[in-house]
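Because only heavy atoms are used, hydrogens play no part in the values below, and waters and symmetry mates are left out as well, while side chains stay in. Every value quoted in this text rests on a predicted model; they were computed, and no experiment measured them. Lettering follows sequence order; numbering is per chain, from 1.
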Amino acid sequence: MPELPEVEVCRQGISPHLCGNTVTDVIIRHKQLRWPVSDEINKIKGDNLLSVERRSKYLLLRFKQGTLVIHLGMSGTIRVLDGFPEIKKHDHFDLMFSNNKCLRFNDPRRFGAILWFDQHVDKQGLLAKLGPEPLSEGFSMGYLFDKAKNKKVAVKTFIMNSHIVVGVGNIYANEALFLAGILPLTPVNKITKARFDKLTQIIKEVLAAAIKQGGTTLKDFTQTDGKPGYFAQKLNVYGRAGKKCVVCETILEEIRQSNRSSVFCPNCQG
DNA sequence: AGGGCGACCTGAGGGC
DNA sequence: TGCCCTCAGGTCGCCC
């Protein structure tokens, strides 16, 4: 998936093409995403798109009548296209707009979601229990240190928990821990304030840099205009197990935590 | 209550 | 070539 930077780049990419335009058609080709896509979405035909916002990795398309929430799951992409181009495999959903643009959702694995909320989307179900945005002031050393008190969970699992902080996926969790010099298995109650301070700053820097550079391109992410992002070339550890550390040339090691791969430098991280 | 892990789904890549 | 296995950017919900 799209981690937070990719979703934010996507938001910035689609927003200027669509905001202020009216929905002329809603086309649901495959309802079975993570949750069934509701026919209720058809009610936005004729409604005007007010804004495209983001909370965590959820895109929020605001309409007068409510909010369309889109999550890209592991393999989802959305593109803004001119007119109504040929439908390709896994193109599950389209929103047609009055300026002849088509917002098209493609998702091979169908872990993504398209949900309608009449109101109060921020306080309902999915979005209600999320932690702070990593790039907000609410995500600070003090906050993280407080949340870590009396917990022995591994720091990588901790920073990937959306109830603690949203938007830190597997790539950036690995990268941030490398740059902060912390082993991914370290129990959070053993981490000092100074190291949490460093980790907090690094997470903000890594995510902000990735957004600035247009997101990481892996298998399925391309920006909405089709140009690839180019953060991948700057990855220090993710996808580099068995290769040399870019700092000290020690061979990078790989373990699995919560069924996700963690790659680290046993020399630089300790 | 907190933490671990199976589940959801398709496709790519490696080994045999 | 083909089959079978593992792995992939997420995260919910059930289990202990």
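Rounding to whole angstrom units, CG of residue L185(A) and P of dG3(B) are separated by 15 Å. We find that NZ of K89(A) is positioned 15 Å from P of dC9(B), with the value rounded to whole Å. dT11(C) atom P lies 4 Å from atom NE2 of H71(A), rounded to whole Å. Rounded to an integer number of Å, the gap from CE of M74(A) to C1' of dA12(B) is 14 Å. To the nearest angstrom, P of dC7(C) lies 14 Å from CD1 of I255(A). Atom CG in D107(A) sits about 14 Å away from atom C1' in dT11(C), given to the nearest Å. Atoms NE2 (H163(A)) and C1' (dC12(C)) sit 9 Å apart, rounded to a whole Å. Separating the CG atom of N161(A) from the P atom of dG4(B) is a distance of 11 Å, rounded to the nearest angstrom.
Using modelled atom types, no side-chain atom of E175(A) and backbone atom of V206(A) make a donor-acceptor pair closer than 3.5 Å.
Among residue pairs with one or both ends in residues 38-51 of chain A, those qualifying as salt bridge (charged side-chain N to carboxylate O under 4.0 Å, His left out) are D25(A)-K45(A), K31(A)-D39(A), E40(A)-K43(A), K43(A)-D118(A); sequence neighbours excluded. Listed by first and then second residue, the salt bridge (charged side-chain N to carboxylate O under 4.0 Å, His left out) pairs that reach into residues 187-208 of chain A come to none, sequence neighbours excluded. Sorted by first and then second residue, the salt bridge (charged side-chain N to carboxylate O under 4.0 Å, His left out) pairs involving residues 254-270 of chain A (not counting sequence neighbours) form an empty list. Counting only residues at least two apart or in different chains, salt bridge (charged side-chain N to carboxylate O under 4.0 Å, His left out) contacts with residues 86-99 of chain A comprise R29(A)-D94(A), D91(A)-R104(A), D94(A)-R104(A).
A distance of 10.0 Å separates CZ of F63(A) from CD1 of I41(A), quoted to the nearest 0.5 Å.
Of the side-chain N and O atoms in S261(A), one or more sit less than 4.0 angstrom from OP1 or OP2 of dA8(C). For dC8(B), neither phosphate oxygen OP1 nor OP2 lies less than 4.0 angstrom from any side-chain nitrogen or oxygen of R110(A). Contact annotation: R260(A) side-chain N/O to dT11(C) OP1/OP2 distance is not under 4.0 Å. For K152(A) and dG2(B), the shortest distance from a side-chain N or O to OP1 or OP2 is not below 4.0 Å. Y172(A) has no side-chain polar atom (N or O) that falls below the 4.0 Å cut-off from OP1 or OP2 of dG9(C).
Residue side chain F111(A) meets the stacking definition with respect to dC8(B): its ring centre sits within less than 5.5 angstrom of the base's six-membered ring centre, and the planes differ by less than 30 degrees.
Judged as a ring-ring contact (aromatic ring centres under 6.0 Å, His included), and not counting sequence neighbours, the contacts of Y58(A) are H71(A). D82(A) meets the side chain to side chain donor-acceptor pair (under 3.5 Å) test with K101(A); sequence neighbours excluded. Evaluation of the side chain to side chain donor-acceptor pair (under 3.5 Å) rule for Q257(A) yields S262(A) as partners, not counting sequence neighbours.
Where pairing requires Watson-Crick or G-U contacts shorter than 3.5 Å, the helical stems of DNA chain B with at least three consecutive pairs are B:2-8 with C:10-16, B:10-16 with C:2-8.
With salt bridges taken as basic N to acidic carboxylate O contacts below 4.0 Å, none links K57(A) and E6(A). Salt bridge annotation for E53(A)-R62(A): present, with a cationic side-chain nitrogen under 4.0 angstrom from a carboxylate oxygen.
If you check residues 33-40 of chain A against DNA chain C, the residues with a heavy atom closer than 4.0 Å are R34(A), W35(A), listed by number.
Rounded to whole Å, the P atom of dC7(C) lies 15 Å from the corresponding atom of dC5(B). Taking the P atoms as reference points, dA7(B) lies 16 Å from dC5(C), given to the whole Å.
Closest approach to the M160(A) side chain among dG10(C), dT10(B), dA8(C) is made by dG10(C) (side chain taken as heavy atoms from C-beta onward). For E3(A), taking side-chain heavy atoms from C-beta onward, the closest of the listed nucleotides dG10(C), dG11(B), dA8(C) is dG10(C). Each of dG10(C), dC7(C), dT11(C) was ranked by its minimum atom distance to the side chain of Y58(A); first place goes to dT11(C).
Evaluation of atom-type donor-acceptor distances gives a pair under 3.5 Å for the side chain of R109(A) against the base of dC9(B).
Nearest-nucleotide positions on DNA chain B for N150(A) and N259(A) put N150(A) closer to the 5' end.
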